[in-house]
Amino acid sequence: MILYMEIAVVILTGGKSTRMGMDKAKLVIENQTFLERICDEFKEYPYRYISDCKNGNHSIDGYRTIWDEYENIGPMNGIISFFHQVNMDVVFVTSCDMPYMKKEIVEKLYAYLNEYDGVFVKENDHLHPLGGIYTRKMVERIEQQIMNKKYSLYTCIKNSNVCILDIDAIKIDKKMYLNINNREIYEDTIKG
């Protein structure tokens, strides 16, 4: 329970869902929307947030809304908005289009945090910037990238003092990192 008091959870919902053609947070899988499913998974955390754009309408009981401070800068928006609006130093960030994310990953990643500025997972050569832990130590780098109009989380992570864990080495279900961000992946997923 100590971990729950030291780390917040943020679920990003502020994207445009351009590739999907509809709001990904409201897609249904196993009789729940993606957002409901993820929120149910993390409901034990006392510090839980939904990051949303100014015109968004993604509210779930028990989750506080973090409003995006910028427009059109991608997931970096939700992360920096969290650190600007919430007085916590560590946050696990996932997205509404990762409906198989499980709370067990937070403890696994947090165990490696130590002196690092963040902890992330890679699969083969692909780094997953979401489903990872960010700390306040990364804020200055994120703000600098935003000022320079460089919105890549990959760049931010690769230029920070972070721990990157191989998904096979930490023995987790790879399905947690399935990013359902287009109609083809969605349809394949619901078919089973």
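All residue numbers refer to positions in the sequence shown, counting from 1. These numbers come from the heavy atoms of this one structure, side chains and all, not from hydrogens, waters or symmetry mates. The model shown is predicted, which means the values in this text are computed figures rather than measured ones.
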Modelled atom types, side-chain donor and acceptor of N77 and E69, under 3.5 Å: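 Per modelled atom types, N77 and E69 side chains form no pair under 3.5 Å.
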Aromatic ring proximity, centroids under 6.0 angstrom, Y63 and Y49: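 No.
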Test side chain to side chain donor-acceptor pair (under 3.5 Å) applied to S95 and N179, step by step: CA-CA 8 Å; S95 175; N179 184 258; 5.0 Å; no
Using atom types as modelled and distance alone, determine if a side-chain donor or acceptor of [X] lies under 3.5 Å from a backbone N or O of [Y].
X	Y	answer
D68	Y70	no
E36	T33	yes
R37	P99	yes
N124	H126	no
S152	Y154	yes

Does atom [atom1] of [X] have more than 12 heavy-atom neighbours from other groups under 6.0 Å away?
X	atom1	answer
E115	CD	yes
N114	CG	yes
E30	CD	yes

For [X] and [Y], work out which heavy atoms get closest and say how close.
X	Y	result
L113	V119	CA-CG2, 3.6 Å
R64	V86	NH1-CG2, 3.9 Å
V90	F83	N-CE2, 4.5 Å
L153	P129	CB-CB, 3.7 Å
I172	M176	CB-CE, 3.7 Å
Y177	G131	OH-O, 2.6 Å

Nearest 0.5 Å, what's the [atom1]-[atom2] distance between [X] and [Y]?
X	Y	atom1	atom2	answer
D40	I38	CG	CD1	10.5 Å
E41	M101	CD	CE	10.0 Å
I164	L127	CD1	CG	5.0 Å
Q145	I73	CD	CD1	10.0 Å
T94	I11	OG1	CD1	7.0 Å
C156	I142	SG	CD1	4.5 Å

Do [X] and [Y] have side chains that approach each other closer than 4.5 Å (heavy atoms only, starting at C-beta)?
X	Y	value
R141	N159	yes
I66	H84	no
C39	I50	yes
M98	I180	no

Axial cation check for F42 ring with K103, 6.0 Å and 45° limits: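 Because its charged atom misses either the 6.0 Å distance or the 45° angle limit, K103 does not stack over F42.
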I167 and K122: CA distance, side-chain angles, deciding distance, side chain to side chain contact (heavy atoms under 4.5 Å, CB included) verdict: CA-CA 6 Å; I167 201 165; K122 73 171 184 167; over 6 Å; no
For Q144, all residues meeting side chain to side chain donor-acceptor pair (under 3.5 Å), sequence neighbours excluded: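 For Q144, no residue satisfies side chain to side chain donor-acceptor pair (under 3.5 Å) once neighbours in sequence are set aside.
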Candidate list Y134, F92, Y112, test ring-ring contact (aromatic ring centres under 6.0 Å, His included), partner F120, passing option: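 Option passing the ring-ring contact (aromatic ring centres under 6.0 Å, His included) with F120: Y134.
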Test side chain to side chain contact (heavy atoms under 4.5 Å, CB included) applied to T135 and D89, step by step: CA-CA 5 Å; T135 69; D89 294 328; 5.8 Å; no
Residues D117, R136; criterion side chain to side chain contact (heavy atoms under 4.5 Å, CB included); working and verdict: CA-CA 8 Å; D117 299 348; R136 192 167 290 280; over 6 Å; no
Residue pair I133, I7: steps toward the side chain to side chain contact (heavy atoms under 4.5 Å, CB included) verdict: CA-CA 9 Å; I133 293 176; I7 188 167; 3.8 Å; yes
